[in-house]
2 protein chains.
Amino acid sequence: MAHDGDTRRAILDAAQRLVQRHGINGISFQHVADAVGIRKASLHHHFATKDDLVRALLERYAREFLARVDGLFQGPGDAPGKLRRYVGLFEATLRDEGGPVCLCGMLGAELAALRAPSVRAVGDFYRANAERLAALLEQGRRDGSLDFEGSAEQAGWLVVSLLEGAMLTVRAEGGASRFRAIGRQLLDLLGAP
Amino acid sequence: MAHDGDTRRAILDAAQRLVQRHGINGISFQHVADAVGIRKASLHHHFATKDDLVRALLERYAREFLARVDGLFQGPGDAPGKLRRYVGLFEATLRDEGGPVCLCGMLGAELAALRAPSVRAVGDFYRANAERLAALLEQGRRDGSLDFEGSAEQAGWLVVSLLEGAMLTVRAEGGASRFRAIGRQLLDLLGAP
DNA sequence: GTCTATAGCGCGATAGAC
DNA sequence: GTCTATCGCGCTATAGAC
């Protein structure tokens, strides 16, 4: 590799894909090294322990995903349209080869294998999404483009839990088309036109 | 042990608790044997391979959970009340010590580690729940005790995905109280009084 | 920064005594 | 049916040459 940063990025890319499919307990340094095309010892040079790798994966994933969400929510369009495209962010992941799910959905299931800082990072990711959704839902309800009962804050948490859960369940039954149908049903329940 | 069936049941009980907390990739025969108080080799006498153990766990879990659902849905009460108690079935699991989740929610995340028959068993569990929920939701909408947009079938899938997802996400952020709040929000969105 | 080699341990699974 | 002992392998992590 020409630059050290290139190898580091290649490792994170390969590791993320593998964890999204198999989980952190389902992969090893050997699997990641094989996918990158380097030796196991070289991987340890960039990430000394598995925990270091997990923390780097979580940091990058949350930063990039939330940047996309902010770009979407702060851009033009009404609340229902933004919600549809938000669901599309998850759906795009699911359509990739090998049935990957949201990194934080997978690690949420394997929470017992994570150290406290990573547990917090997973929870922070859920919370950051729920808060952004709550603001969007409240705005949509105020301007009349959405119509639903209950608090926008709890509705935001419901949307996060639903999308994380749907990514996991549809791999066993229904696939991406079922995920799309669940996304449409969610918009129906939130009173989107 | 007096009867062989007692040991078998003790193994299944211990293994289920461990898998619900750590996942199938997060436990070993050694962990299960320690929890039961027998040796690893004795465990292999009852379940020759890990796959045999997983299949037995799935068979028993689905049978017992769906029996509870059927008893609930076929009993007295209106649709909103039955839905509330259905959510309570999941909530009861979550309140136990050590943060266990639905066995099939956990195994849905670790689907890549399962053989085809177990993958089918997980999908069948989701489907069985979604179908029972769809019938209940449709009945509630017809008798006016529920009020929501979209197809009851898709709404059933939404409820399953939401509850499986919420069990996983609230372990990282919010705990059982957040799960209850999400359950209430779901009933709001479905037009329950 | 990448490599070969290896330490030290836990894993699933099996053999065979009692 | 439960046990001790062990096989062969994969794991995380490290040492040290290049």
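Just so it is clear, the model here is predicted, and its values are computed rather than measured.
- There is a side-chain donor-acceptor pair under 3.5 Å between Ser28(B) and His31(B).
- Atoms NE2 (His46(B)) and C1' (dA13(C)) sit 16 Å apart, rounded to a whole Å.
- Using bins of under 30°, 30° to 60° and over 60° for the plane-to-plane angle, the ring pair Phe73(B)/Tyr86(B) lands in the tilted bin.
- Here His31(B) reaches the OP1 or OP2 of dC11(C): one of its side-chain N or O atoms lies under 4.0 Å away.
- Here Gln185(A) contributes atom CD and Glu153(B) contributes atom CD; the two are 10.0 Å apart, rounded to the nearest 0.5 Å.
- Rounded to a whole Å, the CG atom of Asp52(B) is 10 Å from the P atom of dT14(C).
- In this structure, the nucleotide among dT14(C), dC3(C), dA13(C) sitting nearest to the side chain of Ala41(B) is dT14(C).
- Atom NE2 of His45(B) is separated from atom P of dG16(C) by 17 Å (rounded to the nearest Å).
- Counting any heavy atom pair closer than 4.0 Å across all strands shown, Ser42(A) reaches a base atom.
- Between the CG atom of Leu43(B) and the P atom of dC11(C) there is a distance of 13 Å, given to the nearest Å.
- One can place CD1 of Ile38(A) at 15 Å from C1' of dT4(C), the figure rounded to the nearest angstrom.
- Taking the charged nitrogens against the carboxylate oxygens, Glu138(B) and Arg142(B) do have a contact shorter than 4.0 Å, which makes a salt bridge.
- The aromatic rings of Phe125(A) and Tyr61(A) sit tilted, their planes meeting at an angle between 30° and 60°.
- Between the CD atom of Gln30(B) and the P atom of dG12(C) there is a distance of 9 Å, rounded to whole Å.
- With rounding to whole Å, Lys40(A) atom NZ is found 12 Å from dT4(C) atom C1'.
- The residue among Arg39(B) and Ile27(A) whose nearest nucleotide of DNA chain D is located toward the 5' end is Arg39(B).
- Note: NZ (Lys50(A)) to P (dT12(D)) measures 5 Å, nearest angstrom.
- Side-chain nitrogen and oxygen atoms of Thr7(A) include at least one within less than 4.0 Å of the OP1 or OP2 phosphate oxygen of dT2(C).
- The side chain of Ser28(B) places an N or O atom within less than 4.0 Å of a non-bridging phosphate oxygen (OP1 or OP2) of dC11(C).
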